[in-house]
There are 2 protein chains.
Amino acid sequence: MTIYRHFYVKSHAKTTPDINLKDLPGSAGRLDVIARCINAAFWLSYGIRKDVVFHTILHGEPNPPVYIRMEGEKLRKVSPDERNIAIFIKKALERMKEDKEIESTPGIFVSKKSFEQLLEENKGRDFYLLDENGESIEKVEISSKPFFFLGDYKDLEEEEKELLYDYGAQPVSIGKNSYLSSHCIVIINWWLDRKGF
Amino acid sequence: MTIYRHFYVKSHAKTTPDINLKDLPGSAGRLDVIARCINAAFWLSYGIRKDVVFHTILHGEPNPPVYIRMEGEKLRKVSPDERNIAIFIKKALERMKEDKEIESTPGIFVSKKSFEQLLEENKGRDFYLLDENGESIEKVEISSKPFFFLGDYKDLEEEEKELLYDYGAQPVSIGKNSYLSSHCIVIINWWLDRKGF
């Protein structure tokens, strides 16, 4: 049985396809951060992790929230560099419909969806919130339906954390340092590999 | 006493400042890979790791080898995104002198240097070669003068590995998967943090 690894990273990236690819960290709202998180979630040296599903909700102006999901089993054509990943997010924003989810390119799904809707739709999974004050990932028994939640360069809002706790989320820590979100994902993936997931 | 962490990643990037920033993975010779390795080596969410020294030798045409060293204690102005890191490598290539090492921007040093010269100059350190067939990093007693060696998207050449072994390098493995070089660096940094380095 395949154990799917789900990751959610909140994004403050802008929600218009008018993205300046030369300025991902600035005017695009730290789209570079999300791009690196996607790289961290999926890539191995010989290809894509098929057992990963990556979720983000873009919260930037002018049209938030935009929910994007990437499924490793179906993901095609994307390269691991920031610029290329950003191009695929741009395509998702260009092709998005207001009233239904569409697959903008192979393995990338886009729709209007709130954080609460996302949690509700995934409540069959076990939620883990990355939190420096949580229990060490080395001591936590990770379930076979894990879903990890992270902020981008900003932490999740208190209300989002409370909502996660309402859905039974467990706070887990990967150490005393405050790591980049993309590095957290690399470490979690490695830890799960090591545990034989 | 600060324990410095040295990393070397071989690069196949081109050795002219005529870099197309829109095409780091292609015409620039996978400069995106080195940029992500630099991100992985230095960045924490609140700043730069001052205890890291990152080395690379660019082996691409037209003027190899070009040796670049980045010192965390002195590194300034660089942002963690691929494009920005590539801009600083471009500046190093623009300002390089054929006959002596210069500091092209704060904390970035560039010169003409071969891999063998690099090893000779650093022979007081303990060399670890990332190798899937090496001993698990979990079992290796890492010294207080560690220097880790990795390939980029290509493995090191056999002659380079033999030279490393001549200098006493120990092969270490971080698991059965073949990880991206940048992910290897994230994992090594995390492992050293965890061990209290």
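None of these values were measured; they are calculated from a predicted model. Just so it is clear, the values below take in all heavy atoms, side chains as well, and ignore hydrogens, waters and symmetry mates. Letters go in sequence order (proteins before strands), and every chain restarts at 1.
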Problem set entry | Polar side-chain atom of W190(B) near backbone of C184(A) as donor-acceptor pair, under 3.5 Å |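 Side chain of W190(B) to backbone of C184(A): no pair is present.
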Can you get from [X] to [Y] by hopping between Ile, Leu, Val, Met, Phe, Trp and Tyr side chains that sit under 4.5 Å apart?
| X | Y | value |
| --- | --- | --- |
| V172(B) | L156(B) | no |
| L192(A) | V53(A) | no |
| L93(B) | V78(B) | yes |
| Y8(A) | L58(A) | no |
| W43(A) | F197(A) | yes |

Within [range], which residues come under 4.5 Å of chain A, heavy atom to heavy atom?
| range | answer |
| --- | --- |
| residues 176-183 of chain B | K176(B), N177(B), S178(B), Y179(B), L180(B), H183(B) |
| residues 104-140 of chain B | E138(B) |
| residues 21-35 of chain B | L21(B), K22(B), P25(B), R30(B), D32(B) |

Seminar exercise, completed: In this structure, CG of D155(B) is separated from OG of S45(A) (nearest 0.5 Å) by 9.5 Å
Exercise. Which residue out of N189(A), D193(A), I185(A) racks up the most heavy-atom pairs below 4.5 Å with chain B?
Worked result: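 The option with the most such pairs is D193(A).
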Exercise. Taking S79(A), G175(A), A40(A) one by one, which has the highest count of heavy-atom pairs under 4.5 Å against chain B?
Worked result: A40(A)
Problem set entry | Results of salt bridge (Lys or Arg N to Asp or Glu O under 4.0 Å) for E94(A) - residues two or more places apart only | none
For this session: Taking all non-hydrogen atoms of both residues into account, name the closest pair between D81(A) and E82(B) and its distance.
Result: CB-OE1, 3.4 Å
Exercise. Relative to chain A, which segment of N84(B) carries a heavy atom at a distance below 4.5 Å: side chain, backbone, both, or neither?
Worked result: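 For N84(B), neither part sits under 4.5 Å from chain A.
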